[in-house]
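This is a predicted model, so every value here is computed, not measured. Index from 1, following the sequence.
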Amino acid sequence: MAGPRVEVDGSIMEGGGQILRVSTALSCLLGLPLRVQKIRAGRSTPGLSSGGWKSMIKVLTRPQHLSGLEMIRDLCDGRLEGAEIGSTEITFTPEKIKGGIHTADTKTAGSVCLLMQVSMPCVLFAASPSELHLRGGTNAEMAPQIDYTVMVFKPIVEKFGFRFNCDIKTRGYYPKGGGEVIVRMSPVKQLNPINLIDRGCVTKIYGRAFVAGVLPFKVAKDMAAAAVRCIRKEIRDLYVNIQPVQEPKDQAFGNGNGIIIIAETSTGCLFAGSSLGKRGVNADKVGIEAAEMLLANLRHGGTVDEYLQDQLIVFMALANGVSRIKTGPVTLHTQTAIHFAEQIAKAKFIVKKSEDEEDASKDTYIIECQGIGMTNPNLEYLPLK
């Protein structure tokens, strides 16, 4: 099934793990052999080593790129060469994507959400339903928290015309990881395009502030209260419902604390702000950081927040038709995903400043994509749902 080999420069643009995630997922989906060179050449530790920008996180993320690559290899019985810690070049030859149970374990607090990001588009085009057992950090630095994946990513990405179930078995935190999430999904024939242009007005703000392990419940209450106070300064007419939560002992591994706050609009758009506690940082500061992130995401006039934009690009590229999303400033992660979706999948993207009157004074953009209309070769004879 192999087509011509795709050559990818792993040092350009974002120059990190995202290039590996996007290029190997598209290689797997399209049956194109892939070579990625100069992996993370722009980062402080080149090669398949670290996935964070901060020295304290270097050790933790070393294996997460590796486990993502190995998972894609196993999803399609492909061949992967050069995939070891410190490698600056990999080659990957995909075969047919199969359903069934697949397991990936970062063995650290490497993010399960990043494992999900790389594998989800692939299993949508598998031959049968899939169950992904993902182990690592559920609420980890430098990656979406699992709560973001469930509360924001899931309802929006399902607009492409599929459903998935995400069962959080155990939560895991830096530095030990130890979390486990099970994702179940059925394959689709094709993905529908999405049109997220109308923002509407904010109708609800809610969230959860959590503590796990030995941390006192007061920390959760303090994070929530500080976040509410911060939001109240800017949004006075809405009830802000942030629940403090003590994670049950049998459902959390290690110690951690953090907060996620969601704003929902009248048209079903979702925005988030989140933050994780660190040693020596007081609870109020964690709550305020999340609140300020949410408020910043509400100011730009887009329909998706800065963390969702890049996660939708691969799905837009595969969909059958024209997708449009309205965003704030286009992030480097999004520009990187667009670059490789165009190079590998041959999707066509146009990014332009929004011309709507209400966006005139804001940094608001429309990302439009003519998707390639990827069809699941394994579901040739099934009627479209």
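For the pair K154 and E158, the salt-bridge criterion is met [side-chain N within less than 4.0 Å of a carboxylate O]. A salt bridge is absent between E368 and K326: the closest approach of a Lys/Arg side-chain nitrogen to an acidic carboxylate oxygen does not fall below 4.0 angstrom. With salt bridges taken as basic N to acidic carboxylate O contacts below 4.0 Å, none links K169 and E180. For R208 and D147, the salt-bridge test passes: some basic side-chain N is under 4.0 Å from an acidic carboxylate O.
For the pair P4 and P33, the tightest heavy-atom approach, listed with the atom from each and the gap, is O-CD, 3.8 Å. Closest heavy-atom contact between Q309 and G328: NE2-O, 4.1 Å. Residues A140 and A109 approach most closely at CB-O, 3.4 Å, considering heavy atoms.
E89 contributes atom CD, which lies 10.0 Å from atom CD of E81 (distance to the nearest 0.5 angstrom). Remark: E70 CD to L115 CG distance equals 10.5 Å, nearest 0.5 Å. One distance of note links CD1 of I288 with CD1 of I231; it measures 11.0 Å at 0.5 Å rounding. Between M316 atom CE and I194 atom CD1 the span is 6.0 Å, to the nearest 0.5 Å. Rounding to the nearest 0.5 Å gives a distance of 9.5 Å between CG of L308 and CD1 of I313. Atom CD1 of I19 sits about 8.0 Å away from atom CE of M13, to the nearest 0.5 Å.
Under a 3.5 Å cut-off, the side chain of T138 and the backbone N or O of G172 do form a donor-acceptor pair. With hydrogens and angles disregarded, a donor-acceptor distance shorter than 3.5 Å links the side chain of N378 to the backbone of F125. Using modelled atom types, no side-chain atom of D284 and backbone atom of A226 make a donor-acceptor pair closer than 3.5 Å. Counting only distance, with no hydrogens or angles, the side chain of N376 and the backbone of A126 share a donor-acceptor pair below 3.5 Å. Formation of a donor-acceptor pair under 3.5 Å by the E14 side chain with backbone atoms of H333 is not found in this model. No side-chain donor-acceptor contact under 3.5 Å links E95 to the backbone of C28. A distance-only check finds a donor-acceptor pair linking the side chain of S87 to the backbone of G82 [under 3.5 Å]. With T24 contributing its side chain and L69 its backbone, the two residues share no donor-acceptor pair below 3.5 Å. Of the possible polar contacts, one joining the T265 side chain to the C269 backbone as a donor-acceptor pair under 3.5 Å is found. Here the side chain of T327 pairs no donor or acceptor atom with the backbone of V330 at under 3.5 angstrom.
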Walk me through it: do S275 and E289 pass the test side-chain hydrogen bond (donor to acceptor under 3.5 Å, both in side chains)? CA-CA 6 Å; S275 183; E289 185 175 68; 2.4 Å; yes
Any chance you could lay out the side-chain contact (heavy atoms from CB on, under 4.5 Å) test for E292 and C230, step after step, and finish with the verdict? CA-CA 7 Å; E292 285 178 343; C230 183; 3.8 Å; yes
Show, in sequence, the C-alpha distance, side-chain angles and deciding distance for H133 and E131, and conclude whether the side-chain hydrogen bond (donor to acceptor under 3.5 Å, both in side chains) test is met. CA-CA 7 Å; H133 292 239; E131 195 171 288; 2.7 Å; yes
Derivation and outcome, side-chain contact (heavy atoms from CB on, under 4.5 Å), residues F162 and M185: CA-CA 8 Å; F162 67 93; M185 57 201 302; 3.9 Å; yes
Please evaluate residues D77 and K98 with respect to the criterion salt bridge (Lys or Arg N to Asp or Glu O under 4.0 Å), reporting the C-alpha separation (whole Å), side-chain torsions for both, the decisive distance (0.1 Å), and the verdict. CA-CA 8 Å; D77 282 333; K98 55 184 197 205; 2.9 Å; yes
Could you check Y148 against D305 for side-chain hydrogen bond (donor to acceptor under 3.5 Å, both in side chains), going step by step and ending with a plain yes or no? CA-CA 11 Å; Y148 182 92; D305 67 31; 2.6 Å; yes
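A donor atom on one side chain and an acceptor atom on the other are not found under 3.5 Å apart for Q190 and N192. Remark: the T334 side chain and the T331 side chain contain an N/O donor-acceptor pair separated by less than 3.5 Å.
The number of heavy-atom neighbours closer than 6.0 Å to OH of Y307, taken from other residues, nucleotides and ligands shown, is 12 or below. Other residues, nucleotides and ligands contribute more than 12 heavy atoms inside 6.0 Å of the NZ atom of K362. Within 6.0 Å of CZ in R79 there are 12 or fewer heavy atoms belonging to other residues, nucleotides or ligands. Atom CD of E355 sits in a sparse spot, with 12 or fewer heavy atoms from other residues, nucleotides or ligands closer than 6.0 Å.
Q37 is not listed as a side-chain neighbour of T88, based on a closest heavy-atom distance of 4.5 Å or more.
Every ring-ring contact (aromatic ring centres under 6.0 Å, His included) that F160 has, sequence neighbours left out, goes to F315. In this structure, the side-chain contact (heavy atoms from CB on, under 4.5 Å) partners of D198, at least two apart in sequence or on a different chain, are T267.
By the criterion of side-chain heavy atoms lying less than 4.5 angstrom apart, applied directly or through intervening Ile, Leu, Val, Met, Phe, Trp or Tyr residues, V188 is grouped together with L75 in one hydrophobic cluster. Linking ILVMFWY side-chain heavy atoms closer than 4.5 Å, directly or via other members, places V322 and L318 in two distinct hydrophobic clusters. When the side chains of ILVMFWY residues are joined at heavy-atom separations under 4.5 Å, either directly or via intervening members, V351 and I197 end up in two distinct hydrophobic clusters. In the hydrophobic clustering of this structure, V304 groups with V157; members are Ile, Leu, Val, Met, Phe, Trp, Tyr whose side-chain heavy atoms approach within less than 4.5 Å, directly or through other members. The hydrophobic clustering, which links ILVMFWY residues whose side-chain heavy atoms are closer than 4.5 Å, places F340 and I90 together.
The one candidate from L30, L191, N320 that meets the side-chain contact (heavy atoms from CB on, under 4.5 Å) condition with M374 is L30. Put simply, the residue from T170, T103, V181 that forms a side-chain contact (heavy atoms from CB on, under 4.5 Å) with R135 is T103.
A cation-pi arrangement is present between R199 and F271, with the terminal nitrogen or guanidinium carbon under 6.0 Å from the aromatic centre and inside a 45° cone about the axis.
Applying the ring pair (Phe, Tyr, Trp, His ring centres under 6.0 Å) definition to pairs two or more places apart or across chains, those involving residues 192-221 are Y173-F210.
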